[in-house]
Amino acid sequence: MDGFTPVSALAGGAMIGASAALFLLLNGRIAGISGILGGLLAPPSRETGWRAAFVAGLVLAPLAYAGLGGSVPPVTVGASIPLLILAGLLVGFGARLGAGCTSGHGVCGIGRGSPRSLAATGTFMVVAILTVLVMRHLIGA
């Protein structure tokens with residue numbers, strides 16, 4: 001909580017919520033990142049273009065922001081490559097098991113009042129808290 005900035009956090013949350021709502025209103029689709037990315041891994045279809053554009057926007061937006069003079073904080077990763085691979089696989093497995101990820105359930109599903117998304121997001125949060133507790137305080141990683 002050392003670097004907590006409530007104004008920018010509120011603005012960022014409002015932009016994420018507005019973009020998810022607009023995506024649903026304009027496209028009739030949930031802005032769940034795991035589902036969008038998963039659709040790119042399937043055989044090409046008429047949905048491949050918008051999915052690729054969405055993922056490209058996720059990658060290119062911070063680069064464009066930095067290119068326009070925005071301040072992008074440095075990213076440091078203190079975990080080993082094997083641990084990052086394991087974590088990525090577990091997140092992917094969890095997203096498949098939960099039929100969606102935190103963006104689909106947490107941002108879009110809860111906003112639509114979905115009981116399933118409320119349960120999934122609660123589960124995501126409990127598992128995340130327990131993971132940090134185990135990794136940082138019990139194992140010391």
Side-chain angles (χ1 to χ4, degrees), residues 1-68 70-141:
M1 295 296 291
D2 293 337
F4 180 62
T5 54
V7 173
S8 62
L10 182 61
M15 289 192 296
I16 290 170
S19 65
L22 281 171
F23 193 76
L24 180 60
L25 288 172
L26 298 175
N27 297 312
R29 307 286 300 193
I30 298 296
I33 307 306
S34 65
I36 292 170
L37 185 59
L40 278 177
L41 302 176
S45 70
R46 62 184 182 91
E47 294 192 344
T48 301
W50 74 261
R51 290 175 187 273
F54 192 98
V55 172
L58 291 175
V59 174
L60 296 176
L63 299 174
Y65 179 73
L68 294 171
S71 174
V72 180
V75 176
T76 56
V77 179
S80 66
I81 297 294
L83 185 58
L84 290 174
I85 291 170
L86 176 63
L89 290 172
L90 288 172
V91 167
F93 175 75
R96 271 317 243 185
L97 183 66
C101 59
T102 52
S103 59
H105 283 300
V107 175
C108 302
I110 288 178
R112 293 181 310 121
S114 166
R116 186 180 97 168
S117 290
L118 184 60
T121 304
T123 302
F124 295 155
M125 295 303 294
V126 167
V127 170
I129 290 166
L130 290 174
T131 300
V132 170
L133 174 72
V134 169
M135 294 302 293
R136 294 223 173 131
H137 300 289
L138 299 180
I139 295 177

Which residue pairs pass the ring pair (Phe, Tyr, Trp, His ring centres under 6.0 Å) test when at least one of the two sits in residues 74-102, sequence neighbours left out? none
Does any part of the side chain of V127, heavy atoms only, come nearer than 4.5 Å to the side chain of L130, both counted from C-beta? no
Please examine the side chains of S45 and T48, heavy atoms only from C-beta on, and report whether any two atoms are closer than 4.5 Å. yes
For S103 and I33, indicate whether the former's side chain and the latter's backbone hold a donor-acceptor pair under 3.5 Å. yes
Going by the rule salt bridge (Lys or Arg N to Asp or Glu O under 4.0 Å), which residues pair with R29 if we only count those two or more places apart in sequence or in a different chain? E47
Using modelled atom types only, decide if a donor and an acceptor are shared between the side chain of H105 and the backbone of F124 within a distance under 3.5 Å. no
Considering all heavy atoms, the nearest V55-I36 contact: CG2-CG2, 4.2 Å
Gap between atom OG of S114 and atom CD1 of I30 - 0.5 Å precision: 9.0 Å
Under the side chain to side chain donor-acceptor pair (under 3.5 Å) rule, collect the residues that match up with S80, sequence neighbours excluded. none
Between V72 and A66, the two heavy atoms sitting closest are CG2-CB, 3.6 Å
Closest contact, heavy atoms only, A79 versus L83: CB-CD2, 3.9 Å
Tell me, please, which residues at least two apart from V91 pass side-chain contact (heavy atoms from CB on, under 4.5 Å). none
Can you pull out every salt bridge (Lys or Arg N to Asp or Glu O under 4.0 Å) where at least one residue sits in residues 94-121? Sequence neighbours excluded, please. none
If you look at every heavy atom in A31 and F54, which pair is closest and at what distance? CB-CZ, 4.3 Å
Which atoms form the tightest heavy-atom contact between G57 and P62, and what is the distance? O-CD, 4.4 Å
Applying side-chain contact (heavy atoms from CB on, under 4.5 Å) to S19 and not counting sequence neighbours gives none
Distance check, rounded to the nearest 0.5 Å: L90 atom CG versus I85 atom CD1? 12.0 Å
